[in-house]
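These notes concern the structure reproduced below.
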Amino acid sequence: MADQRVVIVTGGGSGIGAATARLLRASGHQVIVSGRRPEPLHLLAERTGAVAHPSDTTDPDQVAALVETAVSRFGRLDGLVVNAGIGRPGAVGDLSPADWDEVMRTNVTGPFLLLRAALPHLLASGAGAVVGVASVSALRNGSGNAAYATSKAALLQLCRSLAVDYGHRGLRANVVCPSWVRTEMADRPMTRLAERAGLGGPDGPGAPDGLDAAYQEATRLSPVRRAGEPAEVAEAIGWLLSPAASLVNGAVLAVDGGVTALDPGTFAFDFRIEPRDGGGAATPGAARP
């Protein structure tokens with residue numbers, strides 16, 4: 001393909017990362033998928049033809065090896081999807097220093113190390129593109145979400161720094177901010193929500209019906225009234241990587257079904273909010289029309 005690109009996708013074993021890798025491979029691009037768990041990476045590689053490279057992006061040596069794999073195999077590197085991330089719930093007074101450090105190392109330091117290692121190759125391509133996968137938590141906050149929200153806001157500004165500092169050399173860097181998307185990572189807090197709220201059928205809150213009910217509850221105030229699917233976010237990422245977005249640089253694209261367009265001060269006119277005891281990062285109060 002004349003416009004074939006070589007792209008590294010971190011956190012590529014599941015969720016948004018895997019959906020992005022599938023989309024790019026279906027479009028004829030070369031993809032290197034990275035993540036800490038080898039099994040899902042190799043399975044994805046078998047199914048799509050992507051290159052699996054298990055690695056921990058908080059380790060500078062593993063980051064260097066990941067970039068070298070892309071360049072040695074395909075001769076260049078054109079794009080980078082910074083998607084690997086973790087969350088640890090808790091307010092500032094509740095978080096342990098160890099949890100805070102783990103979130104920051106994974107969500108901020110890891111991307112910095114990878115961007116730094118990939119930068120010479122992205123610049124050499126003449127039209128390099130970076131997409132950071134942040135979150136609406138980078139723009140709006142919720143209770144018990146201090147570490148995750150702070151890290152995603154930092155990722156947003158890290159990518160914008162690339163846009164400002166290297167845009168004149170042909171590099172574009174943009175950010176997508178999803179709201180709730182049905183992924184393995186999101187299933188965990190949704191299971192906790194189902195447990196606390198007594199959602200789901202006889203098979204328990206972790207069963208499909210419990211997760212469905214939890215996602216429905218968590219997105220009740222969303223204008224689209226549902227969680228997103230990984231493929232929907234992947235479409236936005238694919239566009240930002242493509243020449244079709246050639247003038248888009250330093251942008252923050254909310255892929256959130258309209259959540260960040262809402263004014264919380266108007267909720268009382270359409271909903272009755274019923275707070276739950278205890279608070280928590282992923283356990284908003286019930287909302288009833």
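What you are looking at is a predicted structure, and each value in this text was computed from that prediction instead of being measured. Computed from heavy atoms alone, side chains included, the values below leave out hydrogens, waters and symmetry copies. For this chain, numbers begin at 1 and follow the sequence in order.
In this structure Arg169 satisfies the salt bridge (charged side-chain N to carboxylate O under 4.0 Å, His left out) test with no other residue, sequence neighbours excluded. Taking Arg105 as the reference, Asp101 meet the salt bridge (charged side-chain N to carboxylate O under 4.0 Å, His left out) condition, with sequence neighbours excluded. Considering only residues two or more places apart in sequence or on other chains, Ala236 meets the side-chain contact (heavy atoms from CB on, under 4.5 Å) condition with Val176, Leu253, Val255.
Between the CG atom in Leu171 and the CG atom in Leu115 there is a gap of 9.0 Å [rounded to 0.5 Å]. In this structure, OG on Ser135 lies 10.5 Å from CG on Leu155, to the nearest 0.5 angstrom. Here the CE-CG distance, from Met104 to Asp99, works out to 11.0 Å after rounding to the nearest 0.5 Å. The distance from the CG atom of Asp165 to the CZ atom of Arg160 is 13.5 Å, given to the nearest 0.5 Å. The CG atom of Leu122 sits 8.0 Å away from the CD1 atom of Ile8 when rounded to the nearest 0.5 Å. Remark: Asp187 CG to Leu211 CG distance equals 5.0 Å, nearest 0.5 Å.
Remark: side-chain polar atoms of Lys152 are not paired, donor with acceptor, to backbone N or O of Leu139 under 3.5 angstrom. Thr219 contributes no side-chain N or O that, together with a main-chain N or O of Ser222, makes up a donor-acceptor pair within less than 3.5 Å. No donor-acceptor pair closer than 3.5 Å links the side chain of Ser55 to the backbone N or O of Thr57. Between the side chain of Asn83 and the backbone N or O of Gly11, at least one donor-acceptor pair lies under 3.5 Å. A donor-acceptor pair is defined here as one N or O able to donate and one able to accept, closer than 3.5 Å; no such pair exists between the side chain of Ser27 and the backbone of His29. Proximity of a side-chain donor or acceptor of Asn174 to a complementary backbone N or O of Leu240 within less than 3.5 Å is not detected. When atom types are taken as modelled, the side chain of Arg172 and the backbone of Ala245 share a donor-acceptor pair closer than 3.5 angstrom. One N or O on the side chain of Gln4 and one on the backbone of Gly28 form a donor-acceptor pair closer than 3.5 Å.
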*So Thr106 and Arg36, side chain to side chain donor-acceptor pair (under 3.5 Å) or not? Walk me through it.*
CA-CA 11 Å; Thr106 302; Arg36 294 174 178 172; 3.1 Å; yes
*Do Thr260 and Arg140 pass the side-chain contact (heavy atoms from CB on, under 4.5 Å) test, and can you show the C-alpha distance, the side-chain angles, and the key distance before you say yes or no?*
CA-CA 7 Å; Thr260 52; Arg140 306 283 190 272; 4.1 Å; yes
*Using the salt bridge (Lys or Arg N to Asp or Glu O under 4.0 Å) rule, take Arg182 and Glu232 through it: C-alpha gap first, then chi angles, then the decisive distance, then the call.*
CA-CA 11 Å; Arg182 296 196 68 137; Glu232 294 177 298; over 6 Å; no
*Could you check Arg88 against Glu102 for side-chain contact (heavy atoms from CB on, under 4.5 Å), going step by step and ending with a plain yes or no?*
CA-CA 9 Å; Arg88 295 290 182 269; Glu102 185 179 13; 3.2 Å; yes
*asked:* Determine whether Tyr148 and Ile86 satisfy the following criterion, side-chain contact (heavy atoms from CB on, under 4.5 Å), listing intermediate values before the conclusion.
replied: CA-CA 8 Å; Tyr148 184 75; Ile86 63 171; over 6 Å; no
*Determine, step by step, whether Asp263 and Thr266 satisfy the side-chain contact (heavy atoms from CB on, under 4.5 Å) criterion, reporting the C-alpha distance in whole Å, the side-chain angles of both residues, the deciding distance to 0.1 Å, and the verdict.*
CA-CA 6 Å; Asp263 174 8; Thr266 66; 3.5 Å; yes
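A heavy-atom distance below 4.5 Å is found between the side chains of Arg25 and Gln30. With contacts defined as side-chain heavy-atom distances shorter than 4.5 Å, the pair Val252/Leu156 qualifies. Looking at Val82 and Val133, their side chains never come closer than 4.5 Å, going by heavy atoms from C-beta outward. The side-chain heavy atoms of Val7 and Val9, taken from C-beta on, include a pair separated by under 4.5 Å. In this structure, Val136 and Pro178 have side chains that are not in contact, with every pair of non-hydrogen atoms separated by 4.5 Å or more. Within the 4.5 Å cutoff, no side-chain heavy atoms of Leu95 are placed close to those of Val103.
Electrostatic pairing of Glu184 and Arg37 counts as a salt bridge here, judged by a charged N lying under 4.0 Å from a carboxylate O. Looking at Glu195 and Arg192, no side-chain N of the basic residue comes within less than 4.0 Å of a carboxylate O on the acidic one, giving no salt bridge.
One hydrophobic cluster, built from ILVMFWY side chains closer than 4.5 Å, cannot hold both Leu113 and Val33; they sit in different ones. Val130 and Val63 fall within the same hydrophobic cluster, defined by Ile, Leu, Val, Met, Phe, Trp and Tyr side-chain heavy atoms under 4.5 Å apart, directly or through other members. Both Leu119 and Leu158 belong to a common hydrophobic cluster when Ile, Leu, Val, Met, Phe, Trp and Tyr are linked at side-chain heavy-atom distances under 4.5 angstrom. When the side chains of ILVMFWY residues are joined at heavy-atom separations under 4.5 Å, either directly or via intervening members, Ile16 and Leu114 end up in two distinct hydrophobic clusters. Val233 and Trp180 end up in different hydrophobic clusters when Ile, Leu, Val, Met, Phe, Trp and Tyr side chains are linked at under 4.5 Å.
Between the side chains of Thr191 and Arg196, no donor-acceptor pair of N or O atoms lies under 3.5 Å. Between the side chains of Ser34 and Thr10, no donor-acceptor pair is found at a separation under 3.5 Å. Judged by distance alone, the side chains of Ser179 and Asp256 never bring a donor and an acceptor atom under 3.5 Å apart.
Here the shortest heavy-atom pairing between Leu241 and Arg5 reads O-NE, 3.6 Å. The shortest non-hydrogen separation linking Trp239 to Val248 is CH2-CG2, 3.7 Å. When all heavy atoms of Met185 and Gly85 are compared, the closest pair comes out as SD-O, 3.8 Å. Closest approach of Val181 and Ala186 over heavy atoms only: O-CB, 3.2 Å. Considering all non-hydrogen atoms of both residues, Leu193 and Ala218 come closest at CD2-CB, 4.2 Å. Between Cys159 and Ala173, the shortest heavy-atom distance links the atoms O-CB, 3.2 Å.
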